[in-house]
Amino acid sequence: MENIKSLYKDLYKIYGDVGKWWPGTSEEIFVSAVLTQNTNWKNVEKALENIYKYTNSKNILKDLHNFSQQEIAELIKPAGFFNLKAKRLKNLLSFLSNFDFNIEKLKNLDETFLRNELLKIKGIGKETADSILLYALNKPFFVVDAYTKRIIDRMYGIKEKNYDKVQKIFYEAYPRDTDLYQKLHGLIVEHAKSKCKKIPLCSFCELSLKCLFHTST
DNA sequence: CACCAGGCCCTAT
DNA sequence: ATAGGGCATGGT
């Protein structure tokens, strides 16, 4: 059935359990969430490698906080937009310093309050905030990205591009479940990345859809 | 050579 | 409210 409620199990049939999907420790996810903004993950990995060379894996955030904006920019060059992202990372690290870079302290805050606080940081938009909440802090916020919008358009003809409205569609179709959101978002990206490259139509999606329709009931 | 990638901010209508 | 430009590297 061509309902967004069946998206999870339809994709699950193809890709199976993708687990938590976003790689890295919670500390690393704060950094990669910024680095990956409009950037290929491969380039993010190169930047992360540079960061790992100069930080202690136990204290990446605290260590990075001690670098200047210029030094961070130099490290993250491969990820592109390095000057901009260096600033954004400094902003985020400055916020985290208020909690002594202690992830547990963040987890203890009210979720909605924390999301609003993250959104106040210059350079942290809704998608980055929700990525941090969902993958670094294991809070039930659904991440809406370019792939999400593309898939609901291709599969269900939903043209909505507004972040909040798309997110609402998922909140109304799925229960507030961290594990589910982590896997569903991962499945969506895996599916989109697997073949979908160019608009207007991804032949892989069409085939998958037909196949799924025929196999379900 | 062109185009894209796991966005966000700012400005101009 | 919404559209468009800037940010920048590396892969295809």
Side-chain angles (χ1 to χ4, degrees), chain A residues 7-8 11 15 18-26 28-51 69-95 115-139 141-154 159-168 170 178 181-205:
Chain A
L7 181 59
Y8 177 79
L11 291 176
Y15 303 100
V18 298
K20 189 176 179 184
W21 181 73
W22 194 304
T25 63
S26 292
E28 291 163 2
I29 292 172
F30 276 90
V31 177
S32 57
V34 170
L35 293 182
T36 197
Q37 291 171 353
N38 199 43
T39 298
N40 188 302
W41 184 260
K42 275 290 180 192
N43 288 356
V44 174
E45 286 181 326
K46 296 178 197 299
L48 288 173
E49 285 307 313
N50 285 338
I51 290 175
Q69 185 191 165
Q70 288 71 24
E71 289 169 329
I72 293 178
E74 194 60 34
L75 289 179
I76 65 173
K77 227 166 204 170
F81 304 135
F82 47 84
N83 289 316
L84 188 58
K85 287 174 180 174
K87 268 182 212 162
R88 293 178 176 179
L89 281 174
K90 289 295 278 182
N91 294 341
L92 177 58
L93 291 167
S94 170
F95 170 77
R115 185 174 193 268
N116 287 331
E117 291 302 301
L118 288 171
L119 290 175
K120 286 179 188 168
I121 302 168
K122 188 177 282 191
I124 306 298
K126 287 167 184 171
E127 184 184 337
T128 306
D130 286 334
S131 297
I132 289 170
L133 286 161
L134 181 62
Y135 290 106
L137 302 173
N138 293 309
K139 300 293 185 184
F141 289 88
F142 189 75
V143 177
V144 175
D145 56 19
Y147 294 145
T148 310
K149 293 170 186 170
R150 193 190 304 172
I151 278 195
I152 64 175
D153 179 9
R154 304 274 174 79
K159 304 286 188 191
E160 185 58 59
K161 300 300 177 202
N162 177 279
Y163 191 97
D164 295 327
K165 289 179 180 171
V166 173
Q167 193 175 45
K168 190 163 185 284
F170 279 87
T178 297
Y181 291 172
Q182 289 179 345
K183 290 173 177 170
L184 178 54
H185 174 241
L187 283 168
I188 288 171
V189 180
E190 287 305 313
H191 183 54
K193 275 167 65 171
S194 65
K195 300 288 178 194
C196 297
K197 283 294 182 187
K198 309 218 176 216
I199 25 209
L201 262 192
C202 161
S203 59
F204 187 69
C205 283

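Chain letters run A, B, ... following the sequence lines, proteins first, then strands; residues in each count from 1.
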Hey, which of these two, A:Leu119 or A:Tyr135, hits DNA chain B nearer its 5' end, going by closest nucleotide?
A:Tyr135
Roughly, in whole Å, what's the span from CG in A:Asn38 to C1' in C:dG4?
14 Å
For A:Lys42, answer base if it contacts any base atom (sugar-phosphate contacts may also be present), sugar-phosphate if it contacts only those atoms, and nothing otherwise; contact means non-hydrogen atoms under 4.0 Å.
nothing
Restricting to non-hydrogen atoms, name the atom on A:Phe142 and the atom on A:Tyr163 that form the minimum distance, rounded to 0.1 Å.
O-OH, 3.7 Å
Atom CD1 of A:Ile76 to atom C1' of B:dG7: distance rounded to whole Å?
14 Å
Are A:Phe81 and A:Arg88 side-chain neighbours, meaning at least one heavy-atom pair lies under 4.5 Å?
no
Whole-Å P distance, C:dG10 and B:dC8:
23 Å
Rounded to the nearest Å, what distance is computed from the CZ atom of residue A:Phe81 to the P atom of nucleotide C:dA8?
7 Å
Among B:dA5, B:dC9, B:dG7, the one nearest any side-chain atom of A:Lys122 is B:dC9
Rounded to the nearest angstrom, tell me the gap between atom CG in A:Leu35 and atom P in C:dA8.
13 Å
Looking only at the side chains, is there a donor atom on one of A:Asp145 and A:Thr148 sitting less than 3.5 Å from an acceptor on the other?
yes
A:Tyr163 has an atom OH; how far is it from atom C1' of C:dA3, in whole Å?
21 Å
Just how far, in rounded Å, is C1' of B:dC8 from NZ of A:Lys120?
19 Å
Nearest-nucleotide 5' precedence on DNA chain B, A:Ser131 against A:Ile124
A:Ser131
Rounding to an integer number of Å, can you tell me how far A:Gln69 CD sits from C:dC7 P?
15 Å
From B:dC8, C:dT9, C:dC7, nucleotide with atom closest to A:Arg88 side chain:
B:dC8
Full working for salt bridge (Lys or Arg N to Asp or Glu O under 4.0 Å) between A:Lys46 and A:Glu49
CA-CA 5 Å; A:Lys46 296 178 197 299; A:Glu49 285 307 313; over 6 Å; no
Which is true for A:Lys126 with a 4.0 Å heavy-atom rule: it touches a base, it touches only sugar-phosphate, or it touches nothing?
sugar-phosphate
C1' atom, B:dC1 versus C:dC7: distance in rounded Å?
22 Å
Ranking A:Thr39 and A:Lys46 by the position along DNA chain C of their nearest nucleotide, the one closer to 5' is A:Thr39
Please state how far atom CG in A:Leu89 lies from atom P in C:dA8, giving the value in whole angstrom units.
13 Å
Heavy atoms under 4.0 Å, any strand shown: does A:Ile121 hit a base, just sugar-phosphate, or nothing?
sugar-phosphate
Can you check whether A:Arg150 has a side-chain N or O nearer than 4.0 Å to OP1 or OP2 of B:dC4?
no
Take A:Ile124 and A:Val34 through the side-chain contact (heavy atoms from CB on, under 4.5 Å) test and state the conclusion after the steps.
CA-CA 8 Å; A:Ile124 306 298; A:Val34 170; 3.9 Å; yes
A:Asn83 side chain N/O closer than 4.0 Å to the phosphate oxygens (OP1, OP2) of C:dA8?
yes
